[in-house]
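Just below is one structure, and these are the notes that go with it.
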Amino acid sequence: MAEMELWFTEQQTPDLGFTCKITKTIYTAKTQYQDLAILETKQFGRMLVLDGAVQTTIADEFCYHELISHVPLFTHPNPKKVAVIGGGDGGVIREILKHDEVEKAYLIEIDREVIEASKKYLPEISCALDDERAEVVITDGIKFVSENKNMFDVIIVDSTDPVGPAVGLFQDSFYKAVFECLKEDGLFVAQTESPFYDQDLIKNVFHAVKSIFPITRLYLGFIPTYPSGLWSFTLGSKKYDPLEVDISKIKRIDTKYYNPELHKALFALPTFVQEII
Ligand code: AG3
């Protein structure tokens, strides 16, 4: 008898699915906050899925993790204290710790089980979580930023989609708290979904951030396993403008997507995206 084929589909929109062949279901759990699965896919290697949405895969995680980390960290001239809100797989922490000036990187994750499953099944991504410069805090990111003032040089919001546990991470009150939680020359970046499918969200976030931070910028990258592949990041900054960075001074670090030539080019937007904001 021919071997049975198993396929996983993320329903990216009510009318569109993203399907890949899986060779093994490595782990599944219903955590306090969400449904979690680690799948072995043929095309992308291991994949982390939360509430049916692909979060990261071994093959393309570098695109997202490098984009969300190195743009803010090379925009701030001396990032010493950095916080990641969400990001329990540890991919952003791994990228942050490639910067020698970073003294401490905090991972503020609400769901302990995401960290545990990633440590066990996605070691390539979670490997830096045991570094002595990394500190894991299990708590609600909204509570954490509201309780800590004037503390960080850079904050990176690596959330899930704006449904379920992440809804509050896309609200005006959260961006105000992020502003207060940053030092006087701090900056932050949040992942803000697909400019192809989530135009209202991007517009709302951009204008909310713009009403709070003196400098607000949108940049794009390509992430093959996310809806439409085209992905947006919104940056809010108190002082440093990513477009003013002297790219000749950017240190070469080990990356596969980010490079100094790309730093400003990422902010050049297609016309239909310019029209969103
Ligand atoms: N966080 C953003 C995932 C969004 C994907 N959305 C989707 N597949 N519908 C990724 C976490 C990686 N550290």
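Since the structure is predicted, the reported quantities are computational estimates derived from the model, not experimental observations. Order of listing sets the numbers, starting from 1, for every ligand and every atom in it.
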### Query
Which protein heavy atom lies closest to atom 12 (C) of ligand 1, and at what distance to 0.1 Å?
D89 OD2, 3.1 Å
#### Entry: Partners meeting ring pair (Phe, Tyr, Trp, His ring centres under 6.0 Å) with F174 (sequence neighbours left out)
none
### Query
Under 4.0 Å from ligand 1, counting heavy atoms only, is it the side chain of S159, its backbone, both or neither?
backbone
### Message
Checking contacts here: is it the side chain or the backbone of Q191 that comes within 4.0 Å of ligand 1, counting heavy atoms only? Could be both or neither.
### Response
side chain
### Task
May I ask you to decide if the ring planes of F152 and F144 are parallel, tilted or perpendicular, using 30° and 60° as cut-offs?
tilted
#### Entry: Residue and atom name of the nearest protein heavy atom (relative to atom 11 (C) of ligand 1), distance in Å to one decimal
D158 OD1, 3.1 Å
### Task
Looking only at protein heavy atoms, identify the closest one to atom 10 (C) of ligand 1 and say how far it is in Å.
Y226 OH, 3.2 Å
### Query
Is there side-chain contact between L220 and L230, with heavy atoms separated by less than 4.5 Å?
yes
## Note on the structure
Smallest heavy-atom separation, P224 atom then F18 atom, equals O-CE1, 4.3 Å
### Query
For the residue pair F213 and F188, does the interplanar ring angle fall in the parallel (under 30°), tilted (30 to 60°) or perpendicular (over 60°) class?
tilted
### Task
Mind listing the closest non-hydrogen atom pair of R94 and C127 along with its distance?
CD-SG, 3.8 Å
### Message
Return the closest protein heavy atom for atom 5 (C) of ligand 1 as residue, atom name and distance.
### Response
V54 O, 3.3 Å
## Note on the structure
Residues L36 and E113: closest non-hydrogen pair is CD1-O, 3.7 Å
### Query
Among the heavy atoms of G91, does any lie under 4.0 Å from an atom of ligand 1?
no
### Query
How about H99 and H70: are their ring centres within less than 6.0 Å of each other?
yes
### Query
Looking at H65, which atoms of ligand 1 are within less than 4.0 Å of one of its heavy atoms?
12 (C), 13 (N)
## Note on the structure
With heavy atoms and a 4.0 Å threshold, my read on which part of E10 contacts ligand 1 is side chain
### Task
Please write down residue, atom name and distance for the protein heavy atom closest to atom 3 (C) of ligand 1.
Q55 OE1, 3.4 Å
### Task
Would you please determine whether D161 falls within less than 4.0 Å of ligand 1 on a heavy-atom basis?
yes
